[in-house]
Amino acid sequence: GDSVTQMEGPVTLSEEAFLTINCTYTATGYPSLFWYVQYPGEGLQLLLKATKADDKGSNKGFEATYRKETTSFHLEKGSVQVSDSAVYFCALTGANSKLTFGKGITLSVRP
Amino acid sequence: EAGVAQSPRYKIIEKRQSVAFWCNPISGHATLYWYQQILGQGPKLLIQFQNNGVVDDSQLPKDRFSAERLKGVDSTLKIQPAKLEDSAVYLCASSLDSGRYNEQFFGPGTRLTVL
């Protein structure tokens, strides 16, 4: 079945550092790929998405590119802020339209 | 636009007791989902409704969990009797429709602790 693998966490960075969170997936066909974010005390929010190969999703300075050849959707940001501290989930919807999540990774940004 | 509402936000019960969670989706959203999120894991789909009909309940432990969506709007998820391993955050989400490109909007969740 479909699955999503995220790098192990947690991740701690200083403000203005470069961020990469790795995500790889297994799915049949051509899944849609997502990054969700969960800020402390809040619900899951869609951060960005990509629906076909080579698409780049972007939002709030975050970017991720749908790489079919490496089955990856790594999240990047050039300069993180304290307010980016949250839990980040990579996810996909496959042929059955079911949303499958990775385990999530906690990001802490120090001032 | 109001988001997905859930209540209660927190619940502590003893094993073998029963508990119910309530969800009010975004107005006009036909599809409603219940997820279970165990600490350290990503959310796992328990059940999906399209209007008031069940689309997918393959991951719902039907011997103890039940859910309904009367009139195709609000939904309740019940656990009876609860086990220790049911301790988790229960998330409700809704989307306009069930297609793979429809964004799911999540509520804040109900954190359940079973002692």
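Note that the coordinates shown come from a computational prediction; the quantities given were computed from them, not determined experimentally. Every chain is numbered from 1, with letters handed out A, B, ... down the list of sequences.
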Could you check whether atom OH of Tyr10(B) has more than 12 heavy atoms from other residues, nucleotides or ligands sitting under 6.0 Å from it? no

In this structure, are over 12 heavy atoms from other groups packed under 6.0 Å from Leu115(B) atom CG? yes

The side-chain hydrogen bond (donor to acceptor under 3.5 Å, both in side chains) partners of Ser94(B) (sequence neighbours excluded) come to His29(B)

Identify the heavy atoms of Lys98(A) and Ser58(B) that sit nearest to each other, and give their distance. NZ-OG, 3.9 Å

Counting only heavy atoms not in Gln80(B) (residues, nucleotides, ligands), do more than 12 fall under 6.0 Å from its CD? no

One option among Ala91(A), Gly94(A), Gly41(A) has the most heavy-atom pairs under 4.5 Å with chain B, and it is Gly94(A)

Which pair of heavy atoms, one from Leu99(A) and one from Tyr35(B), lies closest together, and at what distance? CB-OH, 3.6 Å

If I compare all heavy atoms of Gln37(B) with all of Phe89(A), which pair ends up nearest, and what's the gap? NE2-CZ, 3.1 Å

CD of Glu69(A): more than 12 outside heavy atoms within 6.0 angstrom? yes

In Å and rounded to the nearest 0.5 Å, what is the CD to OG distance from Gln104(B) to Ser97(A)? 9.5 Å

Quick check for you: among Ala93(B), Gly40(B), Gly109(B), which has the greatest number of heavy-atom pairs under 4.5 Å with chain A? Gly40(B)

Listed partners of Lys83(B) passing side-chain contact (heavy atoms from CB on, under 4.5 Å), at least two apart: Arg64(B), Glu85(B), Asp86(B)

Is Arg9(B) in contact with chain A via its backbone, its side chain, both, or neither, using a 4.5 Å heavy-atom distance? side chain

Under 4.5 Å from any heavy atom of chain B - which part of Gln38(A): side chain

Pick one of side chain, backbone, both or neither for Ile38(B), based on which atoms fall under 4.5 Å of a heavy atom in chain A. neither

Kindly check if the number of other-residue, nucleotide or ligand heavy atoms within 6.0 Å of NZ (Lys68(A)) is above 12? yes

